[in-house]
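Following: one structure in structure tokens, then a few remarks.
Only heavy atoms go into these numbers, but all of them, side chains included; no hydrogens, no water, no symmetry mates.
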Amino acid sequence: MTDANACADESILAVFGEIQTCLLPSRRVLDTPASVELLSAMKFGSTVTSRERPVPLVISPNRLEGVDCNLAQCRPARAGGKRVHVIGTVASRTVVIGGRVLQGSSQTTVVRAGGSDRQPWAHYLSRPGTVEAVSGSASSGSLVDGYLRPSAEDLLDLTSICGRMSNLTRVDPRLDQRIPFRRAGTTRLRWAVEVGEPTKHALPFSFRLDDDTVRSVRIVLPREHIADAQRFCEDLATHDWLLTAIGRVAGRFGVFETQPDAVLDELSPVLDELVPLWMPGAHASPQLRPIWEGLESDPGFTRQWTARVGQLRDRMTTTTLKVLQHSKTHNAGLGGL
């Protein structure tokens, strides 16, 4: 994790991150020791963090990637803003939730540089997960607005960095590349923290669905809570992916209308392996858990989840009854021969 406290004596402008969430490409659910072994390959000799409760969670050590690029600004009174040149590193890690869900997670903290001169790379490597703004004036809000807009080619590209981190685990030979159900897909959650005290004029949190797979999150946090943002957003990305994945499974019912065995093969692992992972806010810091209360009110994450799970369980029950009825009819027909 980027140590925001290491920047406590500097002017933190913003924190940017991206999380890509998908199904772990393994037929079996990994137990915690197996997940720890898997993520140990991310950085040999470094400690993997794990916990068993309330939901098994394993987090790899950070890997750094150097960046030398621009950040966009978006000012309310203008169509755009002057770009800010930054140099530094992005910290990325891999997360396994419940031995079934995989995340690549990247973040960097933007701070003002002490001057406009470029420093040796040893300077930037000594400050993991931090980029220094070496040119251009910027405000926290304009940088956050610029980051959450569609990006250009020469801007900070956390999507590629995060994707590379996730792929390092996905192609690990210890994974058999067999997934238990189809079309779970990958979601991207892009998040940004604006530094400041939430007021009635600045919403402390916003969550937006940009399209079928991309989400944007904006949070206003005081400096002392910035370090909690990444874990909160990883938790949010997990539950958004769970809700998206289960919706995709439900949407495939028509494909198997005449294949009851295929329906059962699809639904069983979803209900057995994904449903137990639903625990909003379980791994979030106490300071940020109140945000979940707003999400439960609107758009009502758990209400949607409960409705979807009920739909899948009802479908599994009716399909099972059809299979039993068909089997009974078939056996009766054989008995008359």
Full working for side-chain hydrogen bond (donor to acceptor under 3.5 Å, both in side chains) between Glu296 and Thr302: CA-CA 6 Å; Glu296 295 291 22; Thr302 297; 2.6 Å; yes

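- In terms of heavy-atom proximity, Val55 sits nearest to Pro276 at CG2-O, 4.4 Å.
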Given the rule in the side chain to side chain contact (heavy atoms under 4.5 Å, CB included) test, do Ile19 and Thr187 qualify, once you have shown the distances and angles that lead to the verdict? CA-CA 8 Å; Ile19 302 155; Thr187 58; over 6 Å; no

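- Side chain of Arg208 to backbone of Arg218: no donor-acceptor contact under 3.5 angstrom is found.
- The line from CG of Leu175 to CG of Leu102 is 8.5 Å long, rounded to the nearest 0.5 Å.
- At least one side-chain heavy atom of Leu30 sits less than 4.5 Å from a side-chain heavy atom of Arg28.
- Atom OG of residue Ser285 and atom CG of residue Asp228 lie 3.5 Å apart, to the nearest 0.5 angstrom.
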With side-chain hydrogen bond (donor to acceptor under 3.5 Å, both in side chains) as the criterion, how do Ser160 and Asp157 come out once you've worked through the C-alpha distance, each side chain's angles and the decisive distance to 0.1 Å? CA-CA 6 Å; Ser160 296; Asp157 184 9; 2.5 Å; yes

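- At a threshold of 4.5 Å between side-chain heavy atoms, the hydrophobic network of Ile, Leu, Val, Met, Phe, Trp and Tyr places Leu242 and Met316 in one connected group.
- In this structure, Cys69 and Val86 have side chains that are in contact, with non-hydrogen atoms separated by less than 4.5 Å.
- Of all heavy-atom pairs between Pro25 and Ile179, the closest is CA-CG2, 3.9 Å.
- Note that CZ of Phe232 is 12.5 Å distant from CD of Gln287, once rounded to the nearest 0.5 Å.
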Can you list the steps and then say if Asp235 with His283 is a side-chain hydrogen bond (donor to acceptor under 3.5 Å, both in side chains)? CA-CA 7 Å; Asp235 191 34; His283 292 301; over 6 Å; no

For Arg164 and Glu65: C-alpha separation, side-chain torsions, deciding distance, then whether salt bridge (Lys or Arg N to Asp or Glu O under 4.0 Å) applies. CA-CA 11 Å; Arg164 285 193 289 272; Glu65 185 160 338; 2.3 Å; yes

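- When side chains are defined from C-beta on, Val58 counts as touching Thr32, because their heavy atoms get closer than 4.5 Å.
- Ion pairing between a basic and an acidic side chain is recognised when a charged N comes within 4.0 Å of a carboxylate O; Asp172 and Arg170 show no such pairing.
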Decide side chain to side chain contact (heavy atoms under 4.5 Å, CB included) for Val217 and Arg190; before the verdict, give the C-alpha distance in whole Å, the side-chain angles of both, and the deciding distance to 0.1 Å. CA-CA 6 Å; Val217 167; Arg190 304 172 68 240; over 6 Å; no

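- Taking hydrophobic clusters as Ile, Leu, Val, Met, Phe, Trp and Tyr residues chained together by side-chain heavy-atom distances below 4.5 Å, Ile59 does not share a cluster with Met165.
- For His225, there are no side-chain hydrogen bond (donor to acceptor under 3.5 Å, both in side chains) partners, not counting sequence neighbours.
- Relative orientation of the His239 and Trp292 rings is perpendicular, given thresholds of 30° and 60° on the angle between their planes.
- At a threshold of 4.5 Å between non-hydrogen side-chain atoms, the residues Thr306 and Trp278 do not count as touching.
- The main-chain N or O of Glu37 is found under 3.5 Å from a side-chain atom of Arg174 such that the two form a donor-acceptor pair.
- Put simply, the side chain of Arg289 gets close to the backbone of Gly281: a donor and an acceptor are under 3.5 Å apart.
- Side-chain atoms of Arg248 come within 3.5 Å of backbone N or O of Ala184 as a donor-acceptor pair.
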Checking side chain to side chain contact (heavy atoms under 4.5 Å, CB included) for the pair Thr21/Leu189: CA distance, chi angles, key distance, verdict? CA-CA 8 Å; Thr21 308; Leu189 187 143; over 6 Å; no

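- Leu243 is connected to Leu23 through a chain of hydrophobic side-chain contacts under 4.5 Å among Ile, Leu, Val, Met, Phe, Trp and Tyr, so both are in one cluster.
- With Arg188 contributing its side chain and Ser216 its backbone, the two residues share no donor-acceptor pair below 3.5 Å.
- Nearest approach of Ser105 to Cys162, heavy atoms of both residues: N-SG, 3.8 Å.
- For the pair Phe301 and Leu236, the tightest heavy-atom approach, listed with the atom from each and the gap, is CE2-CD1, 3.9 Å.
- Tracing side-chain contacts under 4.5 Å through hydrophobic residues (I, L, V, M, F, W, Y), one never reaches Val270 starting from Val29; they form parts of separate clusters.
- When all heavy atoms of Val90 and Gln107 are compared, the pair lying nearest together is CG1-O, 3.6 Å.
- Taken to the nearest 0.5 Å, the CG atom of Leu125 stands 11.5 Å off from the OG1 atom of Thr130.
- The two residues Glu194 and Ser140 make their nearest non-hydrogen contact at CG-OG, 3.2 Å.
- A cation-pi arrangement is absent between Arg215 and Phe207, since the terminal nitrogen or guanidinium carbon is not both under 6.0 Å from the aromatic centre and inside a 45° cone about the axis.
- Residues Pro61 and Val48 are in side-chain contact: their nearest non-hydrogen atoms beyond the backbone lie under 4.5 Å apart.
- Screening residues 93-123 for ring-ring contact (aromatic ring centres under 6.0 Å, His included) gives Trp121-Tyr124 as the qualifying pairs, with residues at least two apart or on separate chains.
- Each of Thr238, Thr169, Thr94 was compared with Gln103 under the side chain to side chain donor-acceptor pair (under 3.5 Å) criterion, and only Thr238 meets it.
- At distances below 3.5 Å, not a single donor-acceptor pair connects side-chain atoms of Thr89 with backbone N or O atoms of Leu64.
- For the pair Leu13/Arg112, a side-chain contact is recorded, criterion being any heavy-atom separation below 4.5 Å from C-beta on.
- A donor-acceptor pair is defined here as one N or O able to donate and one able to accept, closer than 3.5 Å; such a pair exists between the side chain of Gln73 and the backbone of Lys82.
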Run Tyr147 and Glu18 through side chain to side chain contact (heavy atoms under 4.5 Å, CB included) and show every step you take. CA-CA 11 Å; Tyr147 171 71; Glu18 176 157 332; 4.2 Å; yes

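- Considering OG of Ser46 and CZ of Arg63, their distance stands at 10.0 Å, rounded to 0.5 Å.
- The backbone N or O of Ser139 sits less than 3.5 Å from a side-chain atom of Ser142, completing a donor-acceptor pair.
- Expressed to the nearest 0.5 Å, how far CG of Leu288 lies from CD1 of Ile219 amounts to 6.5 Å.
- Asp68 contributes no side-chain N or O that, together with a main-chain N or O of Gly88, makes up a donor-acceptor pair within less than 3.5 Å.
- Put simply, the side chain of Arg118 reaches to within 4.5 Å of the side chain of Ile87, judged on heavy atoms.
- Sparse packing is recorded around CG of Asp212, with 12 or fewer heavy atoms of other residues, nucleotides or ligands lying under 6.0 Å away.
- Placement of Val67 and Leu71 within a single hydrophobic cluster is found when ILVMFWY residues are connected by side-chain heavy-atom separations under 4.5 Å, directly or transitively.
- Contact check for Leu57 versus Val95: side-chain heavy atoms found under the 4.5 Å cut-off.
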